[in-house]
Participant: 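Quick one: structure below, then a few questions.
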Amino acid sequence: MALLDVKEMTQYFGGLCAVSEFTVALEQGQMAALIGPNGAGKTTVFNLVSGFYKPTRGEIIFDGQSIKGLKPHQVTSRGIARTFQNIRLWFEMTVLDNIRIAQHHALGYGLFDCFLRTPRYMQRERDIEDHAMEVLSRLGLAEVAHELPKNLPYGVQRLVEIARALSIKPKLLMLDEPAAGLNSADVEGLIKLIGDIHRDYGIAIWMIEHQMDVVMSLCSWIKVIDFGATIAEGTPEGIQNNPDVIKAYLGDDTI
Amino acid sequence: MQRLTVPALLACLFAVLLWAAGTGALNVYWQSVLMFMGVNIILATSLNIINGNMGEFSCGHAGFMAVGAYVSSLLSVALFTKSQVFGEPLIGPSAAVWLFPLVLIAGALAASLVGLLVAIPSFKTRGDYLAIITIAAAYIVKSTIENIGAIGGARGFMGMSAVMSAMNETINLPWIMIWVFVGTVFSVWLIRRFIYSTFGKGVDAICQDEIAAEIMSVNTDRVKLVAFMVSCGLAGLAGGLFAHILGYVNPGTFTILKSTEIMVMVYLGGMGSLSGSVLAAILMTLLIEYLRDAFGFLNTFLHYISVIPDSYEVTQVWKWVVIPLLLVLLMQFRPEGIMGRRELADVFPGLRKFYKFKG
Ligand SMILES: Nc1ncnc2c1ncn2[C@@H]1O[C@H](COP(=O)(O)OP(=O)(O)OP(=O)(O)O)[C@@H](O)[C@H]1O
Ligand SMILES: [Mg+2]
């Protein structure tokens, strides 16, 4: 059974059909991409899956259970983590705190534990900190743990966001344009990093990406949408030569 | 050793205060100024959770203070003294010494329940709209009290001084001073533990990016609920102490002007800075005391030329000129307040040698 099973998901914003009849089945540990021209509805698909909007129609099944209509924090605690197209870190808090707060789904203590600093509280806070440092070291971010994200270069901020999503220990990691705004050296690093994460953690990764070299070198399966509708899906080779895809992209590029 | 510096300092301060109040080295006037300082510290630090850490704009803190003031006053009068309203005491004056903290806690719990009144709309609403809701909530509280004739209505409620004297008769100590001190330390300590925990940092996360917080597994509704209840509960505690310092309460005290006064303390100290709020509460209390008698010559002059009636003292209103002016100047020239978002230990790193500041 598929890890994420989205069936005929449709979303209207007023009269605009941003996503129509979107269907996808992602397997455990699969790496897939969602591509399409600007404004195609890719981010909206992620927003729907992560519980940010409730789809007008359709079903979203994750790990055998419907997650349609759940709040975002509930979806996340089921095991779906994501990053944002425009980096959304808490810029006034240290990198370490950014990662720690993402453990709210597994706090394991309540308000009175934190007033009384009970053994349970102390233990959990230590575990949370250790876990956060472990994830940061894994992505080579240990040195910036006590920096504020606003003082870090853009490329590092992107990594921190990925670290934050990973710290949730998701079964599915959704990356919204992870390579946007990176220079070509950083992009190469990113490709390697995502590959490593995929191999080491064995999780499914689903990414939106405009840079074809990222998509082509990482993903085994690609879905292309335009104006909310699916226009093609298949392996990288198949997609590259698909006339509909070429038309959608050329139409977009020649403006 | 390092862990003990602050507790040791507090213990010394406590001993000095007790001694000074007991021997009369500190006269009654200064005792009351210090006690209002404590109350203001609780009010400012608790409001700081909402207006500072959470970045919301609550304008109704005085309303929650009123709930705490009335609930604890009614309870303490009903339990410990003979009164017109309740008749014979339910327990008796000798128990007052031991049960007084419970009365304060009851006031705080009541206030934190009323805090729900604001917390629930805050799930859906932010900014200006939430500000209006908090003002409305404070007005609801105030007019409810004004319209319950049995507890004095707009005239106010009294009898708490009898409770205070009963406590002193049982064991002769400056009890109210002791409880204000304990209440203040307790509040700051509680808030500190809350906002430095991973749980409490969720409040800052909501302030900085609520969408990211929600997506990163923070149950924003729950965190807001808890933050409002902690903040309002402590305002209730402050209210209970306030009522017992004065010996009477009057709904006219808990107006929007009182809420504004607390807000100015938060913005003066720096939003989200706990030590800033403490500092600003101390400064503001002194300023307000100074303004009480300031410009006395102007008062005399206005009386002399008969611009205002003799019965009206213009000195009392100076704070309503100076506090708003201070707010305007602050927003113009230093909108981040005294401390900004920083804490004392960030400004003076040397302090870290003496105490382990977490966070
Ligand atoms: N909350 C919203 N309300 C109304 N319209 C929206 C909303 N969110 C997205 N849209 C519209 O839906 C369409 C799809 O937007 P979306 O952000 O999903 O595109 P995208 O494929 O991610 O594009 P890009 O490559 O530029 O990121 C756009 O026309 C956008 O204006
Ligand atoms: Mg997008």
Side-chain angles (χ1 to χ4, degrees), chain A residues 46-47 50-52 71-84 86-94 96-117 121-122 124-129 132 148-150 161 164-165 167-170 174, chain B residues 3 49 52-55 108 112 123-124 186-231 233-234 270-273 336 340-342 346 356 358-359:
Chain A
F46 272 23
N47 285 343
S50 56
F52 199 70
K71 298 209 161 151
H73 72 89
Q74 293 169 319
V75 173
T76 307
S77 37
R78 296 276 176 97
I80 301 182
R82 66 172 285 190
T83 63
F84 298 90
N86 311 308
I87 298 176
R88 298 193 88 130
L89 292 166
W90 299 295
F91 288 97
E92 304 284 336
M93 270 187 277
T94 62
L96 182 61
D97 280 346
N98 268 270
I99 313 286
R100 279 178 18 181
I101 292 170
Q103 292 301 305
H104 259 242
H105 64 102
L107 267 188
Y109 66 76
L111 180 65
F112 286 91
D113 289 304
C114 85
F115 285 158
L116 301 172
R117 298 241 163 114
Y121 168 87
M122 300 304 276
R124 279 301 298 144
E125 286 283 314
R126 262 197 304 273
D127 292 349
I128 288 172
E129 179 153 348
L148 298 183
K150 64 172 180 181
E161 220 194 10
R164 185 175 66 174
S167 74
I168 286 171
K169 297 187 192 146
M174 304 198 297
Chain B
R3 300 180 52 117
I49 300 176
N53 294 98
M54 195 147 86
S112 81
F123 297 168
K124 293 254 177 277
F186 171 78
S187 301
V188 175
W189 172 86
L190 207 69
I191 294 173
R192 214 177 90 94
R193 290 200 157 183
F194 176 53
I195 60 174
Y196 284 148
S197 67
T198 299
F199 183 46
K201 279 183 179 151
V203 179
D204 288 89
I206 290 174
C207 170
Q208 290 178 28
D209 191 334
E210 187 168 348
I211 289 172
E214 182 70 30
I215 296 264
M216 285 301 142
S217 85
V218 177
N219 184 345
T220 52
D221 286 355
R222 174 159 178 262
V223 171
K224 284 180 186 177
L225 192 79
V226 167
F228 268 103
M229 289 185 73
V230 170
S231 170
L234 291 176
M271 283 197 271
S273 167
E336 73 274 28
R341 257 191 177 270
R342 295 167 305 171
D346 302 324
K356 190 168 163 292
K358 212 176 169 290

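Here the structure is a predicted model, which is why all the values come from computation and not from measurement. So that the names make sense, note that chain A is the first sequence line, chain B the second, and so on, each numbered from 1.
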Participant: So for A:Phe91, is it side chain, backbone, both, or neither that comes closer than 4.5 Å to the heavy atoms of chain B?
Facilitator: backbone

Participant: Looking only at atom types and distance, does a side-chain atom of B:Gln208 sit under 3.5 Å from a main-chain N or O of A:Glu92, one as donor and one as acceptor?
Facilitator: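 Such a contact is found between B:Gln208 side chain and A:Glu92 backbone.
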
Participant: On a heavy-atom basis, which atom in B:Arg193 and which in A:Leu116 lie closest, and how many Å separate them?
Facilitator: NH1-C, 3.5 Å

Participant: To the nearest 0.5 Å, how far apart are NE2 in A:His104 and OG in B:Ser217?
Facilitator: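 So the NE2 of A:His104 and the OG of B:Ser217 are separated by 7.0 Å.
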
Participant: Below 4.5 Å, heavy-atom pairs only: which of B:Asp221, B:Asp209, B:Val226, B:Ile191 has the largest tally toward chain A?
Facilitator: B:Asp209

Participant: Taking atom CE of B:Met271 as the centre, does the number of heavy atoms from other residues, nucleotides or ligands within less than 6.0 Å exceed 12?
Facilitator: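 No - once you tally the heavy atoms of other residues, nucleotides and ligands closer than 6.0 Å, there are 12 at most.
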
Participant: Does a side-chain heavy-atom distance below 4.5 Å link B:Ile215 with A:Arg82?
Facilitator: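 Yes, side chains in contact.
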
Participant: With side chain to side chain contact (heavy atoms under 4.5 Å, CB included) as the criterion, how do B:Met216 and A:Ile168 come out once you've worked through the C-alpha distance, each side chain's angles and the decisive distance to 0.1 Å?
Facilitator: CA-CA 8 Å; B:Met216 285 301 142; A:Ile168 286 171; 3.7 Å; yes

Participant: Is it the side chain or the backbone of A:Ala102 that comes within 4.5 Å of chain B heavy atoms, both, or neither?
Facilitator: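 The answer is both parts of A:Ala102.
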
Participant: Hey, what do you get for CZ (B:Phe199) to CZ (A:Arg100), rounding to the nearest 0.5 Å?
Facilitator: 14.5 Å

Participant: Report the distance from atom OG of B:Ser197 to atom CG of A:Leu107, rounding to the nearest 0.5 Å.
Facilitator: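 Reported value, rounded in 0.5 Å steps: 8.0 Å.
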
Participant: Passes side chain to side chain contact (heavy atoms under 4.5 Å, CB included), A:Arg88 versus B:Ile211? Steps please.
Facilitator: CA-CA 8 Å; A:Arg88 298 193 88 130; B:Ile211 289 172; 3.6 Å; yes

Participant: Hey, could you give me the NZ/CG distance between B:Lys201 and A:Asn98, rounded to the nearest 0.5 Å?
Facilitator: 10.5 Å

Participant: Where is the tightest heavy-atom contact between A:Phe115 and B:Trp189, given as atom of each residue plus distance?
Facilitator: O-CH2, 3.6 Å

Participant: Give a yes-or-no answer on whether the side chains of A:Gln103 and B:Thr198 include a donor-acceptor pair shorter than 3.5 Å.
Facilitator: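 The criterion, which ignores hydrogens and geometry beyond distance, is not satisfied for B:Thr198 and A:Gln103.
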
Participant: Under 3.5 Å, is there a donor-acceptor pair between the side chain of A:Trp90 and the main chain of B:Asp204?
Facilitator: no

